[in-house]
2 protein chains.
Amino acid sequence: MAALSGVSVKTASRALSGEGYVAVETKARVQSAADELGYRLNRTARELRRGGNTSTLVGLLSGDLANPFYSRLASGLERELRMHGLQLITASTDENPEWERRLTDSLLERRVRGLVVASTMAEHGHLAAERRHGSPFVFVDRPPVDLTADAVLLDNRGGAKRAAEHLLERGHRRIGIVGDLSRLSTHQDRVEGFAEAMEAAGVADWRDYLLEDAHDVDKAERAVRALLARDPAPTALFTTNNRITTGALRAIGHTPFAATNKDAATHRDTATHRNAATDKDAATGNSAAGNSAAGKGTALIGFDELDLGDVLGVSVIAHDPEEMGRHAARLLLARLDGDDGPARRVVLPTRLIERSTTALT
Amino acid sequence: MAALSGVSVKTASRALSGEGYVAVETKARVQSAADELGYRLNRTARELRRGGNTSTLVGLLSGDLANPFYSRLASGLERELRMHGLQLITASTDENPEWERRLTDSLLERRVRGLVVASTMAEHGHLAAERRHGSPFVFVDRPPVDLTADAVLLDNRGGAKRAAEHLLERGHRRIGIVGDLSRLSTHQDRVEGFAEAMEAAGVADWRDYLLEDAHDVDKAERAVRALLARDPAPTALFTTNNRITTGALRAIGHTPFAATNKDAATHRDTATHRNAATDKDAATGNSAAGNSAAGKGTALIGFDELDLGDVLGVSVIAHDPEEMGRHAARLLLARLDGDDGPARRVVLPTRLIERSTTALT
DNA sequence: CTGAAAGCGCTAACAC
DNA sequence: GTGTTAGCGCTTTCAG
C-alpha cells in the first residue's frame, strides 16, 4: 500500500482522489510514492463503497458496430456523454436476440449508469422489473415492445413514403423494393410507408417486386440482380438501408470512369473467413461492368445517406445518426438528473436528397 | 436482500452465480425471489473480492469511432474478444493527447483486463511502470514510443511506395500528395515510402506538391482544390487515408450520372453545430460538378479502401482493419494467458487495387 | 449441501 | 489536516 511507502495511512485516498483537505507537501509525497509503485486508485472499489449508482459507464448495444449507421450513432452518443463525465461501453449483438439478452444482463450486472439499445428482440417485457429501480434505458432506432421507455426513432414511414412518391412522380410504376430482416420494425415501417404511397397511386401489385431479408451487402446484390432479371423488369428501385443500397449499386454497376478496369480483387477482402465465397463474389462483382446494361437505366433511391453518396450521385432519404446518438444521450442524462416523468419518444425527421440516380433522362 | 425473501442466507450467492453445490429446489426458490425483486448480482463487488484481474473488460482507445477504419477495427476486435468472454469498452480521443492520457487513466483505474490503443501521443514512457505489473497493452496502427509493447501495424511505407510506383509507371511525374496530421507516424511513414519511390525515379522536387495536416474531409477537399489550381497542375494525386480520398473525390467531382443534379443539400448534414460553415461547404460541394473540368483527368490513388470504392472505381492501397482488430485481440489474449515473452510486432500487408482512377486513357 | 466470519480496496462518518 | 472505525456486496475460507 502506498500508505506504507509514504508516511501516512489511508489519507492517501484524499491525496489521490483530490477530495478533502490534504497538506500540499503530504500530497506530493503520496503522489510520488504512488507513481513509483505504479499504484492507481481502484475505481471499482470506490464505486462499490459509494453505493447506489456512481458508475460512469453507459452501455450501448447495437447490431453491428461496423455499420456506419451505428458507428456514427455511437460517435454522437459518446461525445455527448463524455461532456458529462460518462464513458461509453459498446457491444454488438449481431442481430441475435439471445446474445442481446446475455449482453444486457452483463451490462446490468456491471451496474452501468444507463443503457442505450438498438434492440433486435421481439419484446422487452422482461426488463420491466429492471426499469423500476435499476438503470434507465433509452431505445434507439427501434421502439420498445411491451415496455414503456424513452426512445429515439426515425420517421421511417414518412421517409419511405417520400421515397416512393418521388419515384412515382417521375413516372415509375414498377418499383422494386429490397428490404432488411423482415422481423425488424424499421423494415416493416419502411415497407408500410412505401405501400401507402403505392396504393394511393393505384399500384396494387407492388408486392410482386418486394424482396426481404437481404441483411448483408452480398445478399442485397443478389436480390437486386434477381429483381432486374424479372420479365417486366422494374424501372426503379427503393433500397431500404445503407447496406442494401451498396449492394444495389454493385449490381447496377456504375463504372464512372473508363472501362479499362482490371479490378480483379473486390474490396470485400475483409471476409477472410469465407474464402470460397469471397472468390465467387469477386467474380460476380467484377462482372458488374459487363452486366450493367441490364440495370443501367434503373432509377434508384436508398434509405440512409452513404459516405460517397454525393460523389456517386445517389438519391437518398437522409437523416442524422450522430444526432440520434446525441438525443439518446440527452434523454439518458435527464433521467440520471432525476427526471421521472412519462416516457418520451423523439422521432427524428428524414429528408429527401435528390441526386442523379433519380434524375429525369 | 434476496436472502431474506428466500429462506437461506448468502447461499443465494452460490445459487445465482451457479458456483458450488446448491439443492435444486433451493436454487429455484432463490431464483424466483431474485426475479421478483429485480435483483441481480453485483459483478463489480465480485470482481473486487476476487482480487487481481478478474474483470472481463478490454479497453479500446482510438481517434474517432465514426471513422470506418476504426469502427471496423473495433468490430474485429470485439468479435474476437467476445468469443473469449471478454467485452469491449471504447472511447474516442479525437486525436487529443491530453484526452488520451485521461481516458487511459480512467480505463486503468477501472482495472480493465487489457488495453488496445491507437495512440495519438508522442511518447509512452509514462506507461512503463504500469506495464510491469498492470494490464497488458497492445498498440494498433501506430507504434509505441519509448516503451516496448505488442503492436499491430500496417506496412505504411511499402503501401505508399507501391502507390507512387503505380503512378510513376503510368507516366506521372507531377504527383500531388495530401496527408493527415504531420505528427502522426503513419503519415510520416507513408510520406517516406512515397518519397523513396519518387526519388528512385529521379523526381527530386516532389515536396512542391506535398500538403499536410488535412485531418478532415473538408480540409482535404480544400487542399486538393489548391493543389489542382497550381500552375503546372499535378497530373496525379496520392491521398494518404480514407477521409482525404473522400475529400479529393469531392474536389475532382465525378458525377457519374446525368448532370440534372440539383443536389442542394450535401450529405454533411451531421454538422449541426457549425451552421454557417455547413452552408458555405454545401455551396462549394455543390459546385463540384462545375469545377470538375479542372481535375477531371487527374489520376487518383488513395490509402485505405472505401466503402463504395469498387463502384466508384477508385484505385486504392487496401488492407483489412478487421483483421488488425483480430490480431490485436489475439496478442492480448496470449498475454492474458500468461505469455511473458518479448514484445511482438505484427506488420500487416497492404495491396494495390487498380481501378479506373488510375487507368490509362 | 449450507452457514458464519473475514476481508477485497475504498470512502462515509466521526473523531483527534 | 489527519487518523479511526465501519461497511459497500460479494466470495472466500473453514465449519457444520
Side-chain angles (χ1 to χ4, degrees), chain A residues 1-35 37-57 85 105-113 130 133-135, chain B residues 1-35 37-57 85 105-113 130 133-135:
Chain A
M1 180 45 118
L4 304 184
S5 149
V7 193
S8 53
V9 210
K10 291 162 187 176
T11 300
S13 169
R14 294 198 251 257
L16 295 176
S17 69
E19 295 172 4
Y21 297 110
V22 181
V24 196
E25 194 206 333
T26 320
K27 182 164 180 173
R29 205 141 27 95
V30 175
Q31 268 293 4
S32 66
D35 285 349
L37 273 69
Y39 169 88
R40 5 180 48 105
L41 253 110
N42 187 331
R43 206 181 177 111
T44 295
R46 163 199 285 236
E47 284 170 7
L48 178 58
R49 181 58 181 94
R50 288 242 171 123
N53 264 347
T54 350
S55 161
T56 57
L57 249 35
D105 281 350
S106 171
L107 290 172
L108 254 18
E109 280 177 6
R110 192 159 262 122
R111 296 295 187 271
V112 288
R113 201 66 176 287
E130 198 64 42
H133 62 98
S135 326
Chain B
M1 181 45 116
L4 304 183
S5 150
V7 194
S8 53
V9 212
K10 288 161 190 178
T11 301
S13 168
R14 294 198 250 257
L16 295 176
S17 68
E19 295 172 4
Y21 297 110
V22 182
V24 196
E25 196 205 333
T26 320
K27 181 164 181 173
R29 203 141 29 92
V30 176
Q31 268 292 4
S32 66
D35 286 349
L37 273 70
Y39 170 88
R40 354 180 59 101
L41 254 114
N42 187 329
R43 204 181 179 112
T44 295
R46 165 197 285 234
E47 284 170 7
L48 176 57
R49 183 56 180 94
R50 288 241 170 122
N53 263 348
T54 348
S55 161
T56 58
L57 250 35
D105 281 348
S106 171
L107 290 172
L108 255 17
E109 280 177 7
R110 192 158 263 122
R111 296 298 188 269
V112 288
R113 202 69 176 288
E130 199 63 41
H133 61 99
S135 324

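Numbered from 1 within each chain, the chains take letters A, B, ... in sequence-line order. Computed from a prediction, not measured in an experiment: that's the story for all the values here.
Taking side-chain N and O atoms only, B/T44 has no distance below 4.0 Å to OP1 or OP2 of D/dC10. The side chain of B/S17 places no N or O atom within less than 4.0 Å of a non-bridging phosphate oxygen (OP1 or OP2) of D/dC10. Distances shorter than 4.0 Å separate none of the side-chain N or O atoms of B/S13 from OP1 or OP2 on D/dC10. For D/dC10, the OP1/OP2 oxygens have a side-chain nitrogen or oxygen of B/Y39 closer than 4.0 Å.
Side chains of A/T56 and B/R110: a donor on one and an acceptor on the other come within 3.5 Å.
One finds the CZ atom of A/R43 at 10.0 Å from the OG1 atom of A/T54 (value rounded to the nearest 0.5 Å).
Look at CG on A/L41: it is 9 Å from C1' on C/dG9, rounded to the nearest Å. In this entry the distance linking CG of A/L16 with C1' of C/dT11 reads 13 Å, nearest Å. What separates CZ of A/R46 from P of C/dA12 is a distance of 8 Å, to the nearest Å. Atom pair A/E109:CD and D/dG9:C1' shows a separation of 13 Å (rounding to whole Å applied). The distance from atom CZ of B/R40 to atom C1' of D/dC10 is 16 Å, rounded to the nearest whole Å. Rounded to whole Å, atom C1' of D/dT12 lies 16 Å from atom CD of B/E47.
With both ends at atom P, the span from C/dG9 to D/dT2 equals 24 Å, rounded to whole Å. Comparing the P positions of C/dC14 and C/dC10 gives a spacing of 23 Å, expressed to the nearest Å.
Side-chain proximity of A/R49 to C/dC1, D/dC10, D/dA6: nearest is D/dA6. Counting only heavy atoms from C-beta on, B/A23 has its side chain closest to C/dT2 among C/dT2, D/dT11, D/dG3. Listed nucleotides D/dC8, C/dC10, D/dT2 differ in distance to A/L48; the shortest reach to its side chain belongs to D/dC8. In the set D/dT11, C/dC1, D/dG9, the nucleotide with an atom closest to the side chain of B/R50 is D/dT11.
For the pair B/S17 and B/L41, the tightest heavy-atom approach, listed with the atom from each and the gap, is N-CD1, 3.9 Å.
Side chains of A/N42 and B/E109 form no contact here, defined as non-hydrogen atoms less than 4.5 Å apart.
The residue among B/R111 and B/V22 whose nearest nucleotide of DNA chain C lies closer to the 5′ end is B/V22.
Judged by distance alone with a 3.5 Å cut-off, a donor-acceptor contact links the side chain of B/R14 to the base of C/dG3.
Side chain of A/S135 to main chain of A/V112: a donor-acceptor pair is present (N/O by atom type, distance under 3.5 Å, no hydrogens or angles).
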